[in-house]
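Down below is the structure, laid out as structure tokens.
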Amino acid sequence: MNDVRLSRREALLAFGSTLASSASASLFVTAADDKQVDNSLIDTHVHLVKSRLPGALDKTVPLGPFDKGDADGPRRLAKTLQAEAQAAGVGQALCMPRFQVSDKDPLGIQDTLGLIELVRGPKLHPVGLAHPERFDQDHLDRVAEVLKEGKVKALKAYLGYLKYEPLSPGYRLYFKLAAKYKIPVIFHCGDTYAKSAKVKYSHPLKIDEVAVDYPDTKFVIAHFGNPWLLDAAQVAYKNENVWVDLSAVVIGDADAFAKKEKDGLLDGEVRRLKEAITYTEAPEKFMFGSDWPLSPMVVYRDFVRRLFPEKHHAAVFGGTAKKLFGL
């Protein structure tokens, strides 16, 4: 019998522009059935704009909200996100930045801010880009001016896609700015969707170095460092200034999740994640993130719920993020 299991990349390539409609088809709890849906959830990892990272998604992937360049695209994207958030009970979300900065846009957030204005649903917050090649004083002064406004709730470092260690000189001054303005630094950690990326730079153990050297800065390991879950767990366990977002550990649309469930694959993922979460002895350090549009918010919310006893849901789905990001 042929093995019908899909790899993570195959799962990503398998789904196209069905994101908005697929949420209601989830085999998990739906918005209509969920007594906890009250728009109080916080999604700590969404993408409103294409990242434009070097080599990212070498194969063309038709992500529904992004796949058409027509003039109505931004409004369609806003409506799609509104529907996703309402279905999942997401009231706030953090929006990852584009890998593109300029003197007028030193944190790569202008396109994100424009889209935020179109969304009439969840309250969206921009995350700024920590660019490891732009650490001259003039640029950092412009960054500081934006951070003073208080709209940017975190900085993002795209490890792996960019061949720089977390402790590279280009990042260090951003850590100091993050501490000054009391915002966390989010690291992409673990697997990447670029053949040109080098995963040695995105290993979560490297976050231990910056956590030790910059104790006044708060750091977030995105994607739980997957596939190095236990390594990421050790870093979070050891360092008081390290948290974890659970985005994109499993990806796909509702049908992909349903198939994984039917084939028993999700149970394996749940066991693997629970082992690493238990190791940290700190479930309150974990935060829900969907990495939308890689997965529908409803589907991924229900998957993350399986990882924690109900007594920890309030922290995982909003309480921790609210305090950490000052929302």
Side-chain angles (χ1 to χ4, degrees), residues 42-53 91-117 119 122-159 161-162 164-189 207 209-222 239-245 247 287 289 318 320-327:
I42 298 174
D43 190 331
T44 61
H45 203 122
V46 305
H47 291 269
L48 278 184
V49 296
K50 288 183 178 179
S51 66
R52 295 185 180 173
L53 288 165
Q92 298 189 70
L94 297 178
C95 305
M96 300 300 112
R98 175 169 283 164
F99 180 64
Q100 184 179 48
V101 299
S102 66
D103 288 352
K104 293 183 179 180
D105 185 17
L107 286 171
I109 61 172
Q110 287 304 313
D111 287 346
T112 299
L113 291 173
L115 285 165
I116 285 175
E117 291 297 318
V119 175
K123 186 174 183 179
L124 304 179
H125 308 281
V127 173
L129 177 69
H131 197 309
E133 296 174 353
R134 295 300 310 272
F135 58 100
D136 55 279
Q137 193 58 53
D138 287 344
H139 184 76
L140 292 175
D141 286 345
R142 288 188 285 269
V143 167
E145 286 301 314
V146 176
L147 295 182
K148 285 179 183 178
E149 297 174 2
K151 293 181 181 179
V152 173
K153 298 302 181 182
L155 297 177
K156 177 72 178 286
Y158 285 107
L159 303 181
Y161 294 100
L162 311 177
Y164 295 92
E165 302 273 353
L167 262 181
S168 295
Y171 282 129
R172 295 176 190 177
L173 293 177
Y174 285 98
F175 302 156
K176 293 182 178 180
L177 283 173
K180 180 178 180 179
Y181 292 100
K182 295 180 171 50
I183 60 173
V185 177
I186 303 169
F187 291 106
H188 172 92
C189 284
I207 309 308
E209 295 183 297
V210 297
V212 171
D213 289 359
Y214 294 87
D216 295 328
T217 305
K218 299 173 182 178
F219 299 103
V220 177
I221 297 175
N239 298 287
E240 293 183 357
N241 58 334
V242 176
W243 286 258
V244 177
D245 96 31
S247 62
M287 297 175 290
T320 296
K322 187 175 182 179
K323 293 179 181 178
L324 180 63
F325 297 104
L327 305 180

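- Side chains of Lys156 and Ile186 form a contact here, defined as non-hydrogen atoms less than 4.5 Å apart.
- Of the possible polar contacts, none joining the Lys151 side chain to the Lys148 backbone as a donor-acceptor pair under 3.5 Å is found.
- Taking the six-membered ring for Trp, Phe325 and His125 have ring centres at least 6.0 Å apart.
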**Item:** side chain to side chain contact (heavy atoms under 4.5 Å, CB included) evaluation trace for Leu327 with Lys153
**Value:** CA-CA 8 Å; Leu327 305 180; Lys153 298 302 181 182; 3.8 Å; yes
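- The ring pair (Phe, Tyr, Trp, His ring centres under 6.0 Å) with His188 is formed by just one residue from the set Phe99, Tyr158, Tyr161, Tyr164; it is Tyr161.
- For the pair Arg142 (side chain) and Lys104 (backbone), a donor-acceptor distance under 3.5 Å is absent.
- Between the side chain of Asn241 and the main chain of Tyr214, a donor-acceptor pair closer than 3.5 Å is present.
- Looking only at side-chain heavy atoms (C-beta outward), Pro106 and Val101 stay at 4.5 Å or farther from each other.
- Note that CD of Glu133 is 9.0 Å distant from OH of Tyr171, once rounded to the nearest 0.5 Å.
- In this structure, CG in Leu147 is found 10.0 Å from CG in Leu140, a value given to the nearest 0.5 Å.
- Among Thr44, Asp43, Ile221, the single residue meeting the side-chain contact (heavy atoms from CB on, under 4.5 Å) criterion with Asp245 is Thr44.
- Rounded to the nearest 0.5 Å, atoms CG (Asp111) and CD1 (Ile116) are 11.0 Å apart.
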**Message:** Set out, in order, the CA-CA distance, both residues' side-chain angles and the distance that settles side chain to side chain contact (heavy atoms under 4.5 Å, CB included) for Tyr174 and His131, then state yes or no.
**Reply:** CA-CA 9 Å; Tyr174 285 98; His131 197 309; 4.1 Å; yes
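- Closest heavy-atom contact between Ala130 and Pro132: O-CD, 3.4 Å.
- Smallest separation of non-hydrogen atoms from Pro122 and Val119: CD-CG1, 3.8 Å.
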**Message:** Let's go through Arg172 and Leu167 carefully: what are the C-alpha distance in whole Å and the side-chain angles of both, what is the deciding distance for side chain to side chain contact (heavy atoms under 4.5 Å, CB included) to 0.1 Å, and is it a yes or a no?
**Reply:** CA-CA 6 Å; Arg172 295 176 190 177; Leu167 262 181; 4.2 Å; yes
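- Residues Gly108 and Pro97 approach most closely at O-CB, 3.9 Å, considering heavy atoms.
- Within the 4.5 Å cutoff, the side chain of Val185 has no heavy atoms near those of the Val210 side chain.
- Every residue two or more places apart in sequence or in another chain was checked for a side chain to side chain donor-acceptor pair (under 3.5 Å) with Asp105, and none qualifies.
- The OG1 atom of Thr217 sits 11.0 Å away from the NZ atom of Lys182 when rounded to the nearest 0.5 Å.
- Considering only heavy atoms from C-beta on, Pro166 comes within 4.5 Å of Leu159 through its side chain.
- Here the closest heavy-atom approach between residue Val146 and residue Leu107 is recorded as CG1-CD1, 3.8 Å.
- Nearest heavy-atom pair across Leu124 and Cys95 is CB-SG, 3.9 Å.
- Distance check, rounded to the nearest 0.5 Å: CD1 of Ile42 to OG1 of Thr320 gives 9.5 Å.
- To the nearest 0.5 angstrom, Asp136 atom CG is 10.0 Å from Leu173 atom CG.
- For the side-chain contact (heavy atoms from CB on, under 4.5 Å) criterion with Val143, the lone passing option out of Val152, Leu177, Leu129 is Leu177.
- Between Phe175 and Phe219, the distance from one ring center to the other falls under 6.0 angstrom.
- Of the possible donor and acceptor atoms, none in the side chain of His45 sits under 3.5 Å from a partner among the backbone N and O of Met96.
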